[in-house]
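For reference, the structure discussed in these notes is given below.
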Amino acid sequence: MQNFDYQTPTRLIFGRGVIGKLPSVMAQFGKKVLLTYGGGSIKRIGLYQKVMELLKGYQIVELGGIQPNPKYDPSVLEGVRLCKEHKIDVILSVGGGSVLDCSKVIAAGACYDGDPWDLITRKAKTTAALPIVDILTLAATGSEYDQFGVISRTETNDKIGYGDRHVYPHTSFLDPEYTFTVSRKQTAAGIADAMNHTIEQYFVEDATLLNDGFCESMLRSLMVNGRKCLENPEDYTARAEMMLACTYGCNGILALGNSESGWPCHGIEHALSAYYDITHGEGLAIITPRWMQHILSERTLPRFVKYGVNVFGIDPSLDGWEIARRSIDETYKFFESIGIPMHLREVGIDESRIGEMAHHIALNEGLEEAYAPLTEEDIRQILLASL
Ligand code: NZQ
Ligand code: ZN
């Protein structure tokens with residue numbers, strides 16, 4: 001078991017009607033609030049109006065229109081400008097992972113004199129950030145409980161994962177009812193995203209019985225409850241369990257003491273989103289089984305056997321290679337069964353830029369250090385197999 005040094009400072013307030021506690025949480029900060037949100041779903045579900053009602057007496061500056069795969073220009077730049085101009089005290093971020101991620105970089109950029117891109121690329125160190133409170137409306141990324149924000153820069157085809165302890169949300173409000181309106185497509189993408197977060201942390205060299213059990217339970221819960229959310233979008237119990245499972249996905253709690261994973265599927269998917277602006281969870285669902293197929297070897301076989309037996313209930317008396325092959329097949333079939341397009345061509349990606357993307361990923365994602373090291377040629381083969 002590896003050494004670790006772990007702290008997640010975020011307060012989670014979970015359940016029906018918890019937004020009633022928003023005024024008492026916000027009272028800890030000053031009166032100037034930057035309210036960040038996306039393309040309008042929070043207005044359609046009445047959450048925007050509710051927030052405005054609860055925050056009467058506050059000076060609220062708005063940054064709406066944050067897109068999925070949030071963009072550095074204009075969203076991050078505009079947010080930083082607004083924070084500085086209005087001397088904002090706290091950011092209230094209402095939406096899915098894209099809104100939360102964008103708000104984290106805005107929070108850090110607001111406390112930095114130079115170009116915020118320096119923080120994202122780690123040219124400069126983050127030394128402070130504005131406090132962030134969020135109200136999550138989409139279960140998927142785990143951004144509500146982690147220190148990461150993934151930002152895209154269209155002109156350079158970059159999608160970079162920024163991370164710093166200063167940008168953990170101060171408080172996250174998680175009311176599963178706000179996720180009832182999430183579309184089938186985004187619900188399925190959220191299931192795939194959280195499942196992949198778990199898989200990335202499960203396929204490592206050095207894991208514990210404890211973490212393996214946690215990951216296996218996460219995967220079973222996401223499949224069972226994810227399906228229920230798709231069958232009945234207003235099934236509170238299923239939405240609630242899915243929301244909590246997603247929250248555990250990215251803040252490291254699933255892998256305390258494990259060796260590093262390298263997060264290879266994320267490294268590959270971020271390039272797909274950067275080049276083609278596709279939905280993150282869909283890209284992951286397409287890549288995951290092809291990556292599994294590619295890394296299956298004598299060395300990785302025992303992990304696949306454990307995964308197949310404990311997650312999909314495959315008969316442990318079968319030959320190991322047969323269990324491994326079936327486990328990859330089951331992974332593919334599950335994603336397909338929840339309606340995810342399982343080929344890159346179906347999401348508008350053809351072979352024309354595969355070589356360029358493989359080069360970009362190999363150069364920027366450090367996947368030669370992953371659990372199963374990937375060279376540029378390995379990445380190219382995984383992408384070709386995903387077409
Ligand atoms: O923009 P609005 O109108 O709000 O609509 C959004 C958006 O179109 C909609 N939506 C959100 N809540 C809704 C809703 N529609 C109806 N009812 C609701 N209650 O859903 C669409 C997608 O939203 P988005 O925030 O983009 O989805 P998600 O939460 O999946 O976030 C994806 C982003 O997070 C990054 C991804 O790369 C991607 O950019 N990630 C962040 C991570 C992190 N911070 O740790 C880790 C992840 O691996 C991931 O990379
Ligand atoms: Zn993800």
Side-chain angles (χ1 to χ4, degrees), residues 9-11 22-23 25-40 42-43 47-48 51-52 54-136 141 143-144 146-156 158-173:
T10 304
R11 175 181 176 192
L22 183 66
V25 169
M26 295 297 281
Q28 300 170 66
F29 312 104
K31 289 283 179 195
K32 291 182 184 167
V33 179
L34 179 73
L35 174 66
T36 55
Y37 55 94
I42 69 159
K43 293 188 175 169
L47 182 52
Y48 173 87
V51 166
M52 288 301 185
L54 289 168
L55 295 188
K56 281 209 177 92
Y58 281 79
Q59 184 189 328
I60 299 180
V61 176
E62 295 188 29
L63 176 71
I66 297 172
Q67 295 166 9
N69 299 324
K71 310 297 181 284
Y72 181 68
D73 188 2
S75 296
V76 171
L77 290 176
E78 180 61 3
V80 170
R81 192 189 66 72
L82 289 171
C83 287
K84 289 183 175 173
E85 183 184 323
H86 297 277
K87 299 195 168 37
I88 292 293
D89 297 309
V90 55
I91 298 179
L92 177 60
S93 170
V94 187
S98 294
V99 176
L100 270 60
D101 282 12
C102 189
S103 304
K104 289 175 180 175
V105 183
I106 293 171
C111 301
Y112 175 66
D113 284 336
D115 184 347
W117 191 249
D118 299 346
L119 302 172
I120 297 173
T121 53
R122 294 171 186 81
K123 208 172 116 193
K125 204 170 151 30
T126 301
T127 53
L130 292 177
I132 302 165
V133 174
D134 67 77
I135 305 170
L136 186 71
T141 62
S143 188
E144 66 278 15
D146 75 25
Q147 55 177 327
F148 303 112
V150 190
I151 301 297
S152 296
R153 197 163 188 173
T154 319
E155 69 274 20
T156 48
D158 277 313
K159 182 170 180 183
I160 300 184
Y162 160 81
D164 190 87
R165 66 181 177 82
H166 290 92
V167 301
Y168 274 109
H170 177 280
T171 299
S172 292
F173 286 89

Under a 4.5 Å cut-off applied to non-hydrogen side-chain atoms, are Ile160 and Tyr72 in contact?
no
Give every residue pair that meets the salt bridge (Lys or Arg N to Asp or Glu O under 4.0 Å) criterion with at least one member in residues 61-71, sequence neighbours excluded.
Lys71-Asp277
Are Leu35 and Leu92 close enough that some pair of their side-chain heavy atoms sits under 4.5 Å apart?
yes
Under 3.5 Å: donor-acceptor pair, side chain of Tyr112, backbone of Leu119
no
Using modelled atom types only, decide if a donor and an acceptor are shared between the side chain of Gln28 and the backbone of Val25 within a distance under 3.5 Å.
yes
Quick one: does Asp118's side chain have a donor or acceptor within less than 3.5 Å of a partner on Lys123's backbone?
no
Side chain proximity check, Val150 to Lys159, heavy atoms < 4.5 angstrom:
yes
Taken in chain and number order and not counting sequence neighbours, the residues that satisfy ring-ring contact (aromatic ring centres under 6.0 Å, His included) with Tyr48 are Tyr37
With heavy-atom distances below 4.5 Å as the criterion, would you say the side chains of Leu130 and Cys83 are in contact?
yes
Lys104 side chain to Asp146 main-chain N or O, any donor-acceptor pair under 3.5 Å?
yes
With distance as the sole criterion, is a donor-acceptor pair present between the side chains of Asp89 and Tyr58 under 3.5 Å?
no
Atom CG in Leu82, atom CG in Leu77: separation rounded to 0.5 Å?
11.0 Å
Would Ser152 and Asn69 count as having a side-chain donor-acceptor pair, cut-off 3.5 Å?
no
Reported CG-to-OG distance for the pair Leu34 and Ser103, which is rounded to 0.5 angstrom
7.0 Å
Phe173 vs Val133 side-chain heavy atoms within contact, under 4.5 Å
yes
Okay, side chain of Thr10, backbone of Tyr168: is any donor-acceptor separation there less than 3.5 Å?
no
Just so I know, are the side chains of Thr141 and Leu100 near enough to count as touching, which here means a heavy-atom distance under 4.5 Å?
no
Scan residues 161-171 for pairs that pass salt bridge (Lys or Arg N to Asp or Glu O under 4.0 Å), counting only residues two or more places apart or in two chains.
none
